[in-house]
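Atom set for the values below is all heavy atoms of this structure, side chains included, hydrogens, waters and symmetry mates excluded.
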Amino acid sequence: MPRKYFRKVMPDVDKVREVKALSMFGDSLFHPALWHLNRRSAAGGVAVGLFCGLIPGPLQMLGAAIVCVILRVNLPLALVTTLYTNPITIVPLYLIAYEIGGFTLGTHGLTKPPPVPDWEWTNMLASMEAMSRWMMSLGAPLALGLLLLASMLAALGYVTVRGVWSVYLRRAWRARRHRARA
């Protein structure tokens with residue numbers, strides 16, 4: 001099921017190759033390993049997406065694409081997985097990262113984080129600037145916490161995908177054996 005489902009929803013590499021804007025990357029973006037779907041590449045793509053999803057700003061997908069090219073894991077899954085961060089989820093994730101970093105550095109509870117700025121949908125640029133200033137004011141606990149949280153999410157995503165894929169395969173093999181006997 002995972003492979004069949006993902007193949008249905010994943011873009012075709014030939015269709016992506018037709019996008020003229022992507023031609024500047026040459027053939028490195030179209031390496032077969034980046035589009036192949038197996039247990040390893042899917043788990044790696046999800047892990048890369050979860051890790052790069054915590055990159056500040058709009059560089060998450062670019063970071064995920066670069067890491068996918070280096071590690072040769074599934075690119076479409078990594079790009080889609082970065083979407084777990086958005087204006088609604090980023091603040092709680094960053095506060096969790098701040099707490100993890102503060103706990104790790106031993107500064108947990110010594111200082112209270114500054115209040116989160118209000119997000120104004122009518123003035124996105126000013127809201128992004130205010131959010132950037134807020135993130136910079138959190139300093140070292142946030143930086144370390146982001147690295148640790150991203151690593152934990154990536155490891156958890158990798159293990160989960162590998163586990164779910166294995167369970168599915170075992171069930172499919174059992175069903176196939178059962179059908180063969182009947």
Rounded at 0.5 Å granularity, tell me how far [atom1] in [X] sits from [atom2] in [Y].
{"X": "L75", "Y": "I66", "atom1": "CG", "atom2": "CD1", "answer": "11.0 Å"}
{"X": "L146", "Y": "L144", "atom1": "CG", "atom2": "CG", "answer": "9.0 Å"}
{"X": "L50", "Y": "T85", "atom1": "CG", "atom2": "OG1", "answer": "9.5 Å"}
{"X": "C68", "Y": "L79", "atom1": "SG", "atom2": "CG", "answer": "6.5 Å"}
{"X": "L77", "Y": "L34", "atom1": "CG", "atom2": "CG", "answer": "12.0 Å"}
{"X": "L148", "Y": "L153", "atom1": "CG", "atom2": "CG", "answer": "11.0 Å"}

Can you hop from [X] to [Y] via hydrophobic side chains spaced under 4.5 Å?
{"X": "L37", "Y": "V80", "result": "no"}
{"X": "I96", "Y": "L105", "result": "yes"}
{"X": "Y158", "Y": "V161", "result": "no"}
{"X": "L147", "Y": "L156", "result": "no"}
{"X": "L62", "Y": "F51", "result": "no"}

Closest non-hydrogen atom pair, [X] against [Y]:
{"X": "A78", "Y": "V48", "value": "CB-CG1, 4.1 Å"}
{"X": "A97", "Y": "L142", "value": "CB-CD1, 4.1 Å"}
{"X": "Y94", "Y": "P56", "value": "OH-CA, 3.3 Å"}
{"X": "G102", "Y": "P141", "value": "N-CB, 3.7 Å"}

Is a side-chain donor or acceptor of T82 paired with a backbone partner of M61 at a separation under 3.5 angstrom?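 Checking the backbone N and O of M61 against the side chain of T82, no donor-acceptor pair under 3.5 Å is found.
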Side-chain donor/acceptor of Q60 to backbone N/O of I55, under 3.5 Å: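 Judged by distance alone, yes, a pair lies under 3.5 Å.
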Stepwise side-chain contact (heavy atoms from CB on, under 4.5 Å) test for W165 and L169: CA-CA 6 Å; W165 201 296; L169 285 178; 3.6 Å; yes
Who pairs with R40 by side chain to side chain donor-acceptor pair (under 3.5 Å), at least two apart in sequence or on another chain?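 Per chain and number, R40 pairs via side chain to side chain donor-acceptor pair (under 3.5 Å) with no residue.
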Contacts of R39 that satisfy side chain to side chain donor-acceptor pair (under 3.5 Å) - sequence neighbours left out: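 Partners of R39 by the side chain to side chain donor-acceptor pair (under 3.5 Å) criterion, ordered by chain and then number, come out as S166.
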